[in-house]
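Worksheet: the structure to be examined is printed underneath.
Below, chains carry the letters A, B, ... as their sequence lines are ordered, and counting in each starts from 1.
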There are 2 protein chains.
Amino acid sequence: MAALNERQKLILALIVHDFVETAQPIGSNHLVERYNLDISSATVRNVMVDLTDAGYLRQPHTSAGRVPTEEAYRYFVRQLMGHTELPATTQRTITHQFYQAGRDVSRWMRLAASVLAHQSQAASLVTAPRPEQALFKHLSLISTQGRQVLMVMVWSGGEVRQQMLTLAEPVSQEQLSTAAARITQLCQGKDLEGISALRGQFDALETDVLKLVNEDLERARRLISGEVYRDGLTNVLAEPEFAESESARKALRVLEERSLLEDLLSRTVLNSGVDDVQILIGGEGTWQELRDCSVVLARYGAPGLVTGALGVLGPTRMAYGRTVSAVRFVSGLLSDLVVDSLAE
Amino acid sequence: MAALNERQKLILALIVHDFVETAQPIGSNHLVERYNLDISSATVRNVMVDLTDAGYLRQPHTSAGRVPTEEAYRYFVRQLMGHTELPATTQRTITHQFYQAGRDVSRWMRLAASVLAHQSQAASLVTAPRPEQALFKHLSLISTQGRQVLMVMVWSGGEVRQQMLTLAEPVSQEQLSTAAARITQLCQGKDLEGISALRGQFDALETDVLKLVNEDLERARRLISGEVYRDGLTNVLAEPEFAESESARKALRVLEERSLLEDLLSRTVLNSGVDDVQILIGGEGTWQELRDCSVVLARYGAPGLVTGALGVLGPTRMAYGRTVSAVRFVSGLLSDLVVDSLAE
DNA sequence: TTTAGCACTCTCGAAGCGAGAGTGCTAAAT
DNA sequence: ATTTAGCACTCTCGCTTCGAGAGTGCTAAA
């Protein structure tokens, strides 16, 4: 696959651009007229033959225009697209909305999903930030009614987890507070293993509580991603490539089914740096469900401390420029917010 | 619309049943053969004419079989369907899963949505339980870093809400704990107004904290439903009535767009009793988006204290028996769980 | 009141056909 | 050595036609 010359690049870029817009095969005449090219349609056709031989274009049938191949999108994304950013006013609006949302993580998530879906006109997903290595910070024990106790655990990074505990016999709120204070003091800054090592220094009540802390965290640790937020699912249904519902089903299954999503995320963003946008085109041969789909993903957060993932799923024929800049921007914004809420 | 005789009811029930299964117009011959009726197809045709005149059936075109009208589904649901329950083994399995999920509300929600989607083979939604009238129960203040403080509020019904607070100047954890204890003691059992009435009894730090408590709760109060959980969206895409994506879009928009959902819920389940299953067929003339859709909804929880809503959205041609029993069962189960976690 | 018989209607898929769009090739022009 | 005009060729798409099949409604007999 020899390097493309300038004219070839131009034609390829134009075809990708037009096809993204119209979803129709692009013909040589069409291209010349639309862009007032100072070359003839015959020349364009010659170039098209080159690009077809190089594997960047294909024809749906003998006498139709050309359509970009997956390879073309990859080339476009790598070499032709250039670095774009969201318009400054859009950036300001979005930033403003986030700061208005206060410190409520679940609102950040919903907002991020909504912004991504809207900017990319595709389906978006955002996973809640999760600590990569959780350090214990604080425990509250609150008696609710009878022998029921609400445990509220705070972990490094501000993750709050709750759990109910049923005691063998009623215990006063005072006793609970004392126990919580003792556990908080002894376990502060420790991770799961550190806490287990303290076994034996606690009385019966405290041991009961700690067992639940352990269980809860063990369960949480098994999952890569936190709560998943989605938006814009109906956007992809509007795209012609998902007109017959079968293809739409396949694509949306990936977002809906936890196991598929975890698989996708674990093989991509987990190995990448924060705010580093990854683009998966056409499932890259691996994901059968993502044939005809592209996914733009990024990891956000504070690496080593708290991270989450976010991204957009749309047809291969996707406005990569806009989508990538939206993902990059929101990812950066969330990273800032998460880091801010870690330390100031 | 005169009352139907037994034969008419039988035929109507069979047509609804068959159409739900096959999604094809039902012909008189087909019916007689399949159910070994001891009447002739001509007789069935006569009955069909009656039912068509009565508005329960219609023909897609002159020489096709009959299709139930929305009116037919309503009649079916009210008069013909009878009371069904999920099989006992299914009930046990589901119950077991819920108790395995411990006390984690967000897992209940996910599980409920998943069970509903699976049992009804349609799209499901579940809103997190929210206090109808929130009484303050407990406050923890946890210093994180510098002047950042994490507030964790516990409200009646076990709802835990968190908020970040940035102080003017650093304050020790000890001081924070004292303030939290004082606020907890003074405000315990009070609602938003009760807390406002105490204004003036607090020092600067405590007032700052309370302002945030107020803000957060004010914001929460404006929403009818808590976090929304969805599942089985891809199920509805498998139905032939949603084969062209346009109709699918309309239906899924209702689930996806918060405002539409809130509208739907506020006009239905909010006025109904808990565990009382409501069935909306074809949008009932009001919801344009829900043409060709039916929604089966119920409110769950402890009325007056904590409630949420849950339901299923599918094509009008839906297995109402199975769906209604699934919704009723899961609603009851969630009610029990919520009530249990309130008091024991 | 039920049913057999039958003419009638309408959809659906296959087949046929022409218009239109777009190509690839060749030969001339730059 | 490129570029381009010209042209024949190919293939899709929309349209129409047509026959088979399914299902009805009506009528007259049981």
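DNA chain C lies under 4.0 Å from at least one heavy atom of each of the following residues of residues 29-47 of chain A: A:Arg45. Residues from residues 13-25 of chain B with heavy atoms under 4.0 angstrom of DNA chain D: there are none.
At a cut-off of 3.5 Å, with distance as the only test, no side-chain donor of B:Thr69 or B:Arg58 sits close to an acceptor on the other residue. A:Arg66 and A:Thr52 share a donor-acceptor pair across their side chains, judged by distance under 3.5 Å alone. Side-chain contact check for B:Asp275 and B:Ser331: at least one donor-acceptor pair (N or O, by modelled atom type) lies under 3.5 Å. Counted by atom type alone, B:Tyr320 and B:Ser294 present one or more donor-acceptor pairs between their side chains at under 3.5 Å. At a cut-off of 3.5 Å, with distance as the only test, a side-chain donor of A:Asp18 or A:His30 sits close to an acceptor on the other residue.
Residues B:Lys9 and B:Gln79 have side chains not in contact (no heavy-atom distance under 4.5 Å, counting atoms from C-beta outward).
Using a 4.0 Å cutoff to heavy atoms of chain A, the contacted part of DNA chain D runs 5' to 3' from D:dT3 to D:dT12.
A salt bridge links B:Arg74 with B:Glu70: at least one charged nitrogen is closer than 4.0 Å to a carboxylate oxygen.
Checking B:Leu255, B:Leu280, B:Leu125 one by one against B:Leu264, the side-chain contact (heavy atoms from CB on, under 4.5 Å) holds for a single residue, B:Leu280.
With DNA chain C read from its 5' end, the first of the two nearest nucleotides for A:Gly65 and B:Thr62 is the one closest to B:Thr62. Of the residues near DNA chain D, B:Val49 and B:Ser63, the one whose nearest nucleotide (by heavy atom distance) lies more toward the 5' end is B:Ser63.
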Pairing annotation in dot-bracket form, given for DNA chain D with Watson-Crick or G-U pairs under 3.5 Å and | for cross-strand partners:
||||||||||||||||||||||||||||||
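Looking at residues two or more places apart in sequence or on another chain, you find a side-chain hydrogen bond (donor to acceptor under 3.5 Å, both in side chains) between A:Thr234 and B:Glu256. Under the side chain to side chain contact (heavy atoms under 4.5 Å, CB included) criterion, A:Thr62 pairs with no residue, sequence neighbours left out.
More than 12 heavy-atom neighbours from other residues, nucleotides or ligands sit within 6.0 angstrom of CZ on A:Arg34.
Side-chain atoms of B:Thr93 come within 3.5 Å of backbone N or O of B:Thr89 as a donor-acceptor pair. The closest donor-acceptor contact from the side chain of A:Thr127 to the backbone of A:Ala309 lies under 3.5 Å.
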